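From a predicted model like this one, the values you see are computed outputs, not experimental measurements.
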Amino acid sequence: LGFTAEGTVWATLKRGPTVDEAAFLGLRSARSEAEARAMVAHLASKRPEWRLEEGDSGEQAALGEKNSSHWQPLRTLSNTLGAAAIRVRPNLTLGSQHQSGGGGLGGLCRGGPLQPVDLLGGAAARVRNRQGKANGEEADEEVRWQQFLGTGRLGILALSFKTPASLASSMASWHASGLLALAAEKVALLNEPLPAEKALARYFGFRVVEPRELSGIAPERRSGPNRLTIGAAFWHGLGLLKADFVLFLEKDFAVDASLAVSALQDEVLSAAWLLDQGASLVRLRSRRDMGCSGFRTCKGQANRPEWGGQTTRARRRNWLSFYCDAPSDTGKVPSGLVANCVGPSRQAAQLAARSAAIADERTAASEPPRFKCFTSWDSNWSLNAVMVHRRAALEQVLQTKQGQNWTHGTLALYGESKFNDQAGFERGMLEDDWGKLQVPLCLSMRGVFRHHEVDN
């Protein structure tokens, strides 16, 4: 079937679980949260990589705003279109035949290195001028991270649905990689959670929220008494956070174990810069997943799109096509559709903030992160391991290239409208032809997260 054994679903491969997977599957037997906490503590005692730094343990305080508009009953479309608080950024394009006056996606990276002007706010230059030394570049790096980490700009929204083994595998990787140390806010939105899911989330410092606890949601807008579809979870989950940039991670996306800590930080910071400069979403699924499940390889024209299609569905456009550079595999990519961006590389720089204590013994990152940026004209929809601009997703009313407001309003509002259909968000974006909106997107060419489902 073309699957690779590493990092795929063990049940699909008909292999037995590993020692760790078997231990994580044992969490399903916990009948109370107290029992689950004891089981999690036992797992942690046997795994040094689960060790928490002082102050890391325990559920986060409620950092979201329960009285914000996102907690009120769903706003009517007319109110949404008329009350968008965020600046309506032009829908950027690549200066191609689909140009709509947006200025070009090349502006995200100017065809080369990223320009982190907004995140730095001139702080690095001030430090360099004050020191008056030759180590200005090192000061730049240090200030970038202090600026990014110290202002609460990154949040993590984790989703799970009766899958504690997968959640344990992923959260352990998020912690061991230093990812959790980079986040100012961590929220776990748990659908019909088993006791172990709540115990795991709290152990790793997440604030636990169940759908039934959300105020202002009519029962009929849930898919069950204590369950939300992924589209509704996207809308309500973003409303629980204040961070500018949010990593949206389902329970079965773990950090690639071969990725160096410094490389992960490069990817996260670069993704934030791209979002800050106009991208609405950055995809961070690891390229190493190619050949697994629906993530096709470049062989046999498996990712070949129909470049002349006039609708999202007809174009058969899959962003994975942009991994495939050989014209013989993908067909010649028309010029102007893709911008190539290069992020910063810290390489041997000191690890940031509390993750400094984590030994970087994994594969060293010898090259900077690279991204390909394009628009929804050349992409289907997915929330698999993405970072989003929170306010843009919640509040930015999208427009067609003719300047007309999108009937559905915002990305998050569209997701909520699929409250009764788990597959409706992804399928609906094809049916409603979101390509015409030319939403700016970016894709990491190395990626961070690998799909690893343990429960099913």
Side-chain angles (χ1 to χ4, degrees), residues 1 3-28 40 43 49-50 156-177 179-180 183 186-194 196-201 203-204 206 208 223 227-234 237 246-259 264 267 283-296 320 381-388 415 422-423 425-426 444 447-456:
L1 296 178
F3 293 122
T4 58
E6 184 178 3
T8 56
V9 185
W10 64 264
T12 301
L13 294 167
K14 307 302 182 187
R15 69 165 172 82
T18 65
V19 172
D20 274 346
E21 288 169 343
F24 299 159
L25 286 165
L27 292 168
R28 298 181 65 87
V40 169
L43 285 174
E49 68 273 15
W50 282 41
I156 298 175
L157 176 60
L159 239 61
S160 188
F161 176 34
K162 295 183 176 180
T163 49
S166 298
L167 188 66
S169 173
S170 294
M171 283 194 167
S173 78
W174 303 344
H175 172 68
S177 67
L179 176 65
L180 297 185
K186 302 187 289 288
V187 171
L189 184 53
L190 306 179
N191 285 301
E192 299 179 3
L194 297 178
E197 290 174 290
K198 293 192 283 187
L200 281 164
Y203 175 83
F204 286 111
F206 281 76
V208 172
S223 58
R227 186 171 70 247
L228 296 173
T229 64
I230 191 169
F234 185 60
V246 175
L247 273 168
F248 186 91
L249 296 173
E250 294 177 84
K251 82 292 181 182
D252 48 0
F253 283 94
V255 171
D256 179 1
S258 71
L259 195 66
L264 178 145
E267 294 281 347
R283 290 173 169 140
L284 293 170
R285 185 169 179 181
S286 173
R287 184 171 182 162
R288 296 184 69 223
D289 267 355
M290 288 188 77
C292 301
S293 186
F295 198 158
R296 297 173 177 176
L320 306 180
W381 172 261
S382 174
L383 281 174
N384 286 346
V386 300
M387 187 188 292
V388 299
Q422 175 66 9
F425 201 1
E426 183 171 359
S444 169
V448 175
F449 301 96
R450 301 196 69 180
H451 182 240
H452 186 197
E453 177 70 71
V454 181
D455 294 85
N456 299 325

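- The main-chain N or O of Ala423 is never found under 3.5 Å from a side-chain atom of Glu426 such that the two would form a donor-acceptor pair.
- Between the side chain of Glu250 and the backbone N or O of Ala385 there is no donor-acceptor pair closer than 3.5 Å.
- Taking the six-membered ring for Trp and thresholds of 30 and 60 degrees, Phe248 and Phe234 have ring planes more than 60 degrees apart, a perpendicular arrangement.
- Here the closest non-hydrogen pair linking Met171 and Ala158 is CE-CB, 4.3 Å.
- Between His452 atom NE2 and Asp252 atom CG the span is 9.5 Å, to the nearest 0.5 Å.
- Minimum interatomic distance between Pro17 and Ala22 (heavy atoms only, all atoms of both residues): CB-N, 4.0 Å.
- Judged purely by atom type and a 3.5 angstrom limit, Ser166 uses its side chain to pair as donor or acceptor with the backbone of Asp455.
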### Task
Before giving the answer on side chain to side chain contact (heavy atoms under 4.5 Å, CB included), spell out for Val448 and Leu179 the whole-Å C-alpha distance, their side-chain angles and the decisive distance to 0.1 Å.
CA-CA 10 Å; Val448 175; Leu179 176 65; 6.0 Å; no
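- In this structure, Asp289 CG and His451 NE2 are separated by 8.0 Å, a value rounded to the nearest 0.5 Å.
- Just one of Leu200, Val187, Leu180 meets the side chain to side chain contact (heavy atoms under 4.5 Å, CB included) condition when paired with Phe206; it is Leu180.
- Formation of a donor-acceptor pair under 3.5 Å by the Arg450 side chain with backbone atoms of Arg288 is found in this model.
- A pairwise comparison of heavy atoms in Ser169 and Val454 identifies CB-CG2, 4.1 Å as the closest pair.
- Between Lys251 and Ser160, the closest heavy-atom pair is CB-OG, 3.7 Å.
- Take Thr229 and apply the side-chain hydrogen bond (donor to acceptor under 3.5 Å, both in side chains) test, not counting sequence neighbours, and it matches no residue.
- Phe24 has its side chain within reach of Leu43: a pair of non-hydrogen atoms, C-beta onward, lies under 4.5 Å apart.
- Listed here is the closest heavy atom pair of Ala168 and Leu27: CB-CD1, 3.9 Å.
- Atom-to-atom distance recorded for Leu190:CG and Arg227:CZ is 14.0 Å, nearest 0.5 angstrom.
- Taking CG from Leu247 and CG from Leu157, the interatomic distance works out to 9.5 Å, rounded to the nearest 0.5 Å.
- The nearest pair of heavy atoms linking Val386 to Arg283 is CG1-CG, 3.9 Å.
- Exactly one of Tyr203, Phe204, Trp50 qualifies for a ring-ring contact (aromatic ring centres under 6.0 Å, His included) with His175. That residue is Phe204.
- No side-chain heavy atom of Asn191 sits less than 4.5 Å from a side-chain heavy atom of Lys162.
- The OG atom of Ser223 sits 11.5 Å away from the CD1 atom of Ile230 when rounded to the nearest 0.5 Å.
- Within the 3.5 Å criterion, the main-chain N or O of Trp174 finds a donor-acceptor partner in the side chain of Ser177.
- Note: Asp256 CG to Arg287 CZ = 13.0 Å, rounded to the nearest 0.5 Å.
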